[in-house]
Asker: 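A single structure is presented below for examination.
Just so it is clear, the structure is predicted and the values come from calculations on it, not from any experiment. In listed order, ligands and their atoms are each counted from 1. The analysis underlying the following values was restricted to heavy atoms, covering all of them including side chains, and did not include hydrogens, waters or symmetry mates.
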Amino acid sequence: MKKVLIKKLDHAKDLPLPNYETVAAAGMDLRAAVDAAVTIKPGERKMIPTGLQMALPEGYEAQVRPRSGLAIRNGITMLNTPGTIDADYRGELKVIAINLGEEDFVVNHGDRIAQMVIAPVTQFPVVEVDDLDETDRGEGGFGSTGVK
Ligand SMILES: O=c1ccn([C@H]2C[C@H](O)[C@@H](COP(=O)(O)OP(=O)(O)OP(=O)(O)O)O2)c(=O)[nH]1
Ligand SMILES: [Mg+2]
């Protein structure tokens with residue numbers, strides 16, 4: 001069985017490992033590992049450490065996504081959502097949070113700030129060509145098929 005290996009850094013030793021909150025959850029919640037409370041002002045972005053290092057099985061990525069409750073209640077999302085965690089990344093997993101709400105948002109140690117979904121990755125060889133095949137869509141995009 002494939003496994004996600006997670007190492008806790010010193011500042012996350014007191015926190016539980018990420019885990020699926022319900023039996024069929026797609027994501028596992030990520031907790032903030034901060035020495036002191038962090039305030040994110042409206043419009044501000046901050047890198048929030050998780051205190052975790054991780055080794056994903058080869059052929060997989062982790063996507064760092066917002067939590068809907070924080071989004072609707074506080075306007076908190078991830079600036080780069082979905083953040084991409086490469087299977088070969090061994091640095092500390094971090095969350096780039098941005099406050100799109102109207103109030104200061106305080107992140108405390110242990111708060112579940114984001115969620116991580118593990119997904120398969122497909123890599124393809126890239127081949128340069130002079131011509132591409134023709135399709136019905138052609139170069140139409142960005143609303144070319146209308147709205148209704
Ligand atoms: O929300 C995120 C996004 C990325 N990362 C880490 C893991 C990922 O494998 C690495 C690189 O991310 P990405 O490829 O998105 O950033 P980059 O700006 O392209 O940096 P690099 O040149 O290191 O690839 O940073 C995080 O910890 N959190
Ligand atoms: Mg990159």
Asker: So which heavy atom in the protein is nearest atom 8 (C) of ligand 1, and how far is it from that ligand atom?
Answerer: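 Heavy-atom neighbour on the protein nearest atom 8 (C) of ligand 1: T84 O, 3.2 Å.
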Asker: I'd like to know if D29 pairs up with R67 as an ion pair, taking the criterion as any Lys NZ or Arg NE/NH1/NH2 lying under 4.0 Å from an Asp or Glu carboxylate oxygen.
Answerer: yes
Asker: Strictly inside 4.0 angstrom of atom 28 (N) of ligand 1, do you find any protein heavy atom?
Answerer: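 Under the 4.0 Å cut-off, atom 28 (N) of ligand 1 does have protein heavy-atom neighbours.
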Asker: Are more than 12 heavy atoms from other residues, nucleotides or ligands located less than 6.0 Å from atom CD of E103?
Answerer: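 Check fails, neighbour count at 12 or below.
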Asker: Should we count NZ of K3 as having more than 12 external heavy atoms under 6.0 Å?
Answerer: no
Asker: Right, does atom 21 (P) of ligand 1 have protein non-hydrogen atoms nearer than 4.0 Å?
Answerer: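 Not a single protein heavy atom is under 4.0 Å away.
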Asker: Quick one: which ligand 1 atoms are inside 4.0 Å of a heavy atom on D86?
Answerer: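 The list of qualifying atoms is 8 (C), 9 (O), 11 (C).
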Asker: Taking side chain as C-beta onward, heavy atoms only, is V38 less than 4.5 Å from V106?
Answerer: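 No, too far: nothing below the 4.5 Å cut-off.
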Asker: Give a yes or no on whether the backbone of G101 and the side-chain of N99 come within a donor-acceptor separation of less than 3.5 Å.
Answerer: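 Yes, N99 side chain to G101 backbone: donor-acceptor pair under 3.5 Å.
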Asker: Does E134 offer a backbone N or O that forms a donor-acceptor pair with the side chain of R137 under 3.5 Å?
Answerer: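 Pair absent, no side-chain N/O of R137 close to backbone of E134.
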Asker: Any non-hydrogen protein atom below 4.0 Å of atom 1 (O) of ligand 1?
Answerer: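 So far as the 4.0 Å threshold goes, atom 1 (O) of ligand 1 is in reach of a protein heavy atom.
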Asker: Just by distance, do the side chain of T50 and the backbone of L93 share a donor-acceptor pair under 3.5 Å?
Answerer: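 Side chain of T50 to backbone of L93: a pair is present.
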Asker: For ligand 1, is there an atom lying under 4.0 Å from some heavy atom of I85?
Answerer: yes
Asker: Evaluate the 4.0 Å heavy atom contact test for atom 24 (O) of ligand 1: does a protein atom fall under the cut-off?
Answerer: no
Asker: By number and element, which atoms of ligand 1 are closer than 4.0 Å to a non-hydrogen atom of L93?
Answerer: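 Result: 27 (O).
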Asker: Could you see which bit of N80 sits under 4.0 Å from ligand 1, with heavy atoms only: side chain, backbone, both or neither?
Answerer: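 Contact part for N80 vs ligand 1: side chain (C-beta onward).
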